[in-house]
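Before any comments, here is the structure.
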Amino acid sequence: MEVQVKLRDGATRSYPVETPISAVASSISTSLAREAVAAKVNGKVVDLSKQLDGNAEVELLTLKDPEGVDVMRHTCAHVMAQAVARIFPGTKFAIGPVIENGFYYDFADHAFSPDHLPLIEAEMHKIIEENHPVIREVLSRGDALQLFSDRKDRFKVEIIHDLPEFETITIYRQGEFIDLCKGPHLPSTGRIKAFKLMSIAGAYWRGDSNREQLTRIYAIAYAKSTDLAEHLRMLAEAKRRDHRRLGRELDLFMFSEDAPGMPIFLQNGMHIRNELEHFERSLQSVRGYDEVKTPVILNKRLWEESGHWFHYRENMYVTKVDEEEYALKPMNCPGHMLIYKCRPRSYRELPIRIAEYGHVHRHELSGSLGGMMRVRSFTQDDAHLFCRPDQIEDELKGVLDLIDQIYSVFGFSYRIELSTRPDDSMGSDELWQQAEDALKKVLDESKVEYRINPGDGAFYGPKIDFHIEDAIGRMWQCATVQLDFQLPERFGLEYVAEDNQRLRPVVIHRAVFGSVDRFIGILTEHFAGAFPYWIAPIQVRIASVSDDFIPYAKDVLSDLQGAGFRVDLDARSEKIGYKIREAQLKKIPYTLVIGAKEQASHMVSVRKYGEGHLGEMQVESLSAMLHRQVKNKELLVKQ
RNA sequence: GCCAGCGUAGCUCAGUAGGUAGAGCAACUGACUUGUAAUCAGUAGGUCGCGGGUUCGAUUCCUGUCGCUGGCUCCA
């Protein structure tokens, strides 16, 4: 019997039934036979040993295909497990899936240390050298259970027990090593190219903190060693840009053991922060926002009313004041509800847009803290828009527009995600549906692309998240827009309509930077500390060539300070080269050199960060140029 | 919170097989008066994260604690 096989180029060939895919590859070309690592049959990735059992579309995969690389990564995970089994007999195996850029494997019953990684890596190279064929075998459930219980592989046994009743159970064998696995895999271990074991970490069995803790080894793996080298280069670049390092070197912010997870802003960081807030304020005021300030500590009653006490309690700092329980606010919403409710509202005043740079505290797990990216205390650029149902769309559009306006200034492109109802949520199905539909409609109408993230919404409503992409391609979730029908309900918010009816407004929560602190961390890494002129903590450094020119340098200093710039003067008795080097290391956008020539001609010699010497300029024309840069929020060329 | 690693001068790091520590840079002082990424010399700076234990003696070994870093959502 013959089966018809449709290939990637559209051609159809026929083969005897039970022909292995590897033979299909050989029949096409010898190079394909040599390079194929797996195949896609009717859209499903399978082993090359898989036999044709009917007409099919077959696409052969090599290490040039992303799916092919993933197959290699998966086999590499098995090789790592095999190496571990050889070096540390008795180690038990949990799971070893492919992840972005590589794979991991979770182990138990052996204490690993980072020193073991080179040993394991060396053994892996040996296994690859030995080039064991990777053989798939189908087992009955009974045989599989027998096999793995004999080996006391408790995790594998649990996995088999949990497999659906009619699932085909397969094991893969390479040399002396066997692993329960659905595959597919490379034809042999010798086909593995570049890999590197990266780190060792704890991980819970099945991600559940109530279950056994395993040791996980992370690795990266690529089809080409140059790709692997590129990945390592990216990691080094990320390290170079690390905001924790730059924050210290540039005196932006600091952390103290006495305030874990709570950033302390230094003078330089504060300049950036003030500029960001000032910029956002100016855009918001044009759009009819007003600013408010609400207390950091509020009575427990309020949190019960808002629902936080039941849905967010474990993240809240609680304290007692005069025998009453209070909590530090983890969010600003309830305070803003109080403001809305402070007097009767007319339909005429809606929408009411109130914004706050609200300092919130959230008790995050101590182990999850990290720099500015994950903290316990931060300031949100929060706002709540109270509107009539018929105003929702316009308000949402305004918010999307504002976000776009702000992000584009930093050169960020972004991706949008719509998150829908989570399991732990409150409110009726109808309200949720209505809210999700409204968000979808606005997104569809504004013709932006977005992805749906099922079940990832807030407990009080669906949300739109914005993920910005930084200069080295990493994504950061920042802005969020959330539609909320619950809080108005819980707080009994009302407005008086035209016909004197009491109606319920809708609340839109939104933040653009998200956490201002974290956004500054992201900006620091995005610009590698070389901030655009308008937010640079020190914008201009004046460097005098020798003591004789200090008086003129001081004149220039006060001129530029008078023009509203952040300028300082380096008048130390140092050589000009030394002063320049220091200004460059501090990534100050402009350095002005002042010596005899400049004093005589009443000019300044201008050097720009990343570009070098620009020539001499009059202070007035320099000042005009700098004003223009502030106005246009120009980016520096080099970071 | 849990697992692993780490914690020595402001920063980057060395060191002690247990005998209370050192370099470079930064800081300070002096000399030099300097032309676009490091002038020279000198001075000062550390309860070796914190507490307890072992020891004649602990920064070093043990233990507890605090903090930092990487992970704990990618399901054979």
Side-chain angles (χ1 to χ4, degrees), chain A residues 70 74 77-78 81 93-106 108 111-117 139 144 148 153 155-163 167-172 179-183 198-218 239 242 244-245 248-249 251 254-261 314 363-371 455-456 543-550 571-586 591-598 605-609 612-615:
Chain A
D70 278 350
H74 198 177
H78 279 214
F93 304 96
I95 56 166
V98 170
I99 53 174
E100 200 183 351
N101 305 317
F103 60 89
Y104 67 76
Y105 212 114
D106 286 344
F112 287 90
S113 92
D115 301 338
H116 295 142
L117 297 185
L139 260 59
F148 288 103
D153 261 322
F155 303 107
K156 304 292 179 188
V157 169
E158 181 176 333
I159 290 163
I160 296 167
H161 276 302
D162 290 351
L163 287 176
E167 185 86 12
T168 309
I169 297 176
T170 54
I171 59 166
Y172 279 79
D179 200 3
L180 177 73
C181 183
K182 70 179 167 197
M198 298 300 287
S199 61
I200 184 161
Y204 296 104
W205 171 234
R206 303 218 149 152
D208 181 349
S209 58
N210 296 315
R211 305 204 58 183
E212 186 173 350
Q213 176 125 23
L214 311 167
T215 305
R216 175 171 297 180
I217 298 179
Y218 280 96
K239 204 171 170 193
D242 193 316
R244 289 168 296 204
R245 198 172 67 88
R248 186 175 52 235
E249 286 175 4
D251 300 307
M254 58 172 273
F255 291 88
S256 161
E257 283 199 12
D258 295 322
E314 66 279 15
H363 185 265
E364 303 290 348
L365 291 180
S366 61
S368 73
L369 302 178
D456 216 26
S544 49
V545 170
S546 81
D547 294 353
D548 297 343
F549 315 112
I550 292 176
R572 294 173 301 176
S573 306
E574 292 290 350
K575 291 172 81 172
I576 194 68
Y578 181 84
K579 296 186 184 182
I580 299 249
R581 175 181 148 83
E582 198 162 284
Q584 297 300 295
L585 290 175
K586 294 284 181 191
T591 306
L592 308 182
V593 173
I594 287 178
K597 260 190 313 194
E598 290 76 12
S605 173
V606 182
R607 182 187 170 105
K608 188 171 181 183
Y609 179 82
H613 192 198
L614 299 185

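Chain A is the first sequence line, chain B the second, and so forth, proteins listed ahead of strands; every chain is numbered from 1.
Going from the C1' atom of B/U69 to that of B/U63 covers 23 Å, rounded to whole Å. Taking atom C1' in both B/C3 and B/C13, the straight-line distance is 28 Å, to the nearest Å. If you take atom P in B/A14 and the same atom in B/A23, they sit 16 Å apart, rounded to whole Å. Straight-line distance between the P atoms of B/C68 and B/G30: roughly 41 Å, to the nearest whole Å. Using P as the reference atom, B/G10 and B/C48 are 12 Å apart when rounded to the nearest Å. When the C1' atom is compared between B/U59 and B/A21, the two are found 8 Å apart, to the nearest whole Å. Remark: the separation of the P atoms in B/C25 and B/C61 is 31 Å, to the nearest Å. With both ends at atom P, the span from B/G67 to B/U29 equals 38 Å, rounded to whole Å.
Counting heavy atoms from C-beta outward, A/R572 and A/E582 have side chains that approach closer than 4.5 Å. At a threshold of 4.5 Å between non-hydrogen side-chain atoms, the residues A/K182 and A/I171 do not count as touching. Between A/K575 and A/I580 the shortest side-chain heavy-atom distance does not fall below 4.5 Å.
A/G615 comes within contact range of no nucleotide atom at all, as no heavy-atom separation falls under 4.0 Å. Looking at heavy-atom distances under 4.0 Å, A/T168 makes contact with a base. Among the heavy atoms of the strands lying under 4.0 Å from A/E598 is at least one base atom, whether or not backbone atoms are also near. Contact annotation for A/I171: no contact, since no heavy-atom pair falls under 4.0 Å across all strands. Counting non-hydrogen atoms under 4.0 angstrom, A/L369 reaches the backbone sugars and phosphates but no base. Within the 4.0 angstrom heavy-atom criterion, no nucleotide atom of any strand lies near A/K579. No engagement by A/E314 is indicated, since no non-hydrogen atom pair under 4.0 Å with the nucleic acid exists. No contact: A/A94 has no heavy atom under 4.0 Å from any strand.
No donor-acceptor pair under 3.5 Å is formed between the side chain of A/D153 and the backbone N or O of A/F155.
Contact of A/D547 with B/U33 (side chain to base): a donor-acceptor pair of N or O atoms is detected under 3.5 Å.
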Quick one, A/W205 with A/Q213, criterion side chain to side chain donor-acceptor pair (under 3.5 Å). Give me CA distance, side-chain angles, the key distance, then yes/no. CA-CA 6 Å; A/W205 171 234; A/Q213 176 125 23; over 6 Å; no
Name the pairs: protein N/O against N/O of nucleotides 24-31 of chain B, kept only if under 3.5 Å.
unit_1 : atom_1 : unit_2 : atom_2 : d
B/A26  : OP1    : A/Y578 : OH     : 2.9

Could you list all N or O pairs between the protein and nucleotides 71-75 of chain B that sit under 3.5 Å apart?
unit_1 : atom_1 : unit_2 : atom_2 : d
B/G71  : O3'    : A/Y218 : OH     : 2.9
B/G71  : O6     : A/G367 : O      : 3.1
B/G71  : N2     : A/Q213 : NE2    : 3.4
B/G71  : N3     : A/G202 : O      : 3.4
B/C72  : OP1    : A/Y218 : OH     : 3.4
B/C72  : O4'    : A/G202 : O      : 3.2
B/C72  : O2'    : A/Y204 : N      : 2.9
B/U73  : OP2    : A/G207 : O      : 2.6

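For B/C2, neither phosphate oxygen OP1 nor OP2 lies less than 4.0 angstrom from any side-chain nitrogen or oxygen of A/R211. An OP1 or OP2 oxygen of B/U69 is reached within less than 4.0 angstrom by a side-chain nitrogen or oxygen of A/R244. Using a 4.0 Å cut-off, no side-chain N or O of A/S199 falls inside it from OP1 or OP2 of B/G70.
Using a cutoff of 4.0 Å between basic side-chain nitrogens and carboxylate oxygens, A/E158 and A/R211 are scored as salt-bridged. We find that A/R206 and A/D162 are joined by a salt bridge, their nearest charged nitrogen and carboxylate oxygen being less than 4.0 Å apart.
Surrounding CD of A/E314 are more than 12 heavy atoms belonging to other residues, nucleotides or ligands, all under 6.0 Å away.
Base pairing annotation: B/C11 forms a Watson-Crick or G-U wobble pair with B/G24, both donor-acceptor distances under 3.5 Å.
Listed nucleotides: B/U39, B/G1, B/A38. Nearest to the side chain of A/K575: B/U39.
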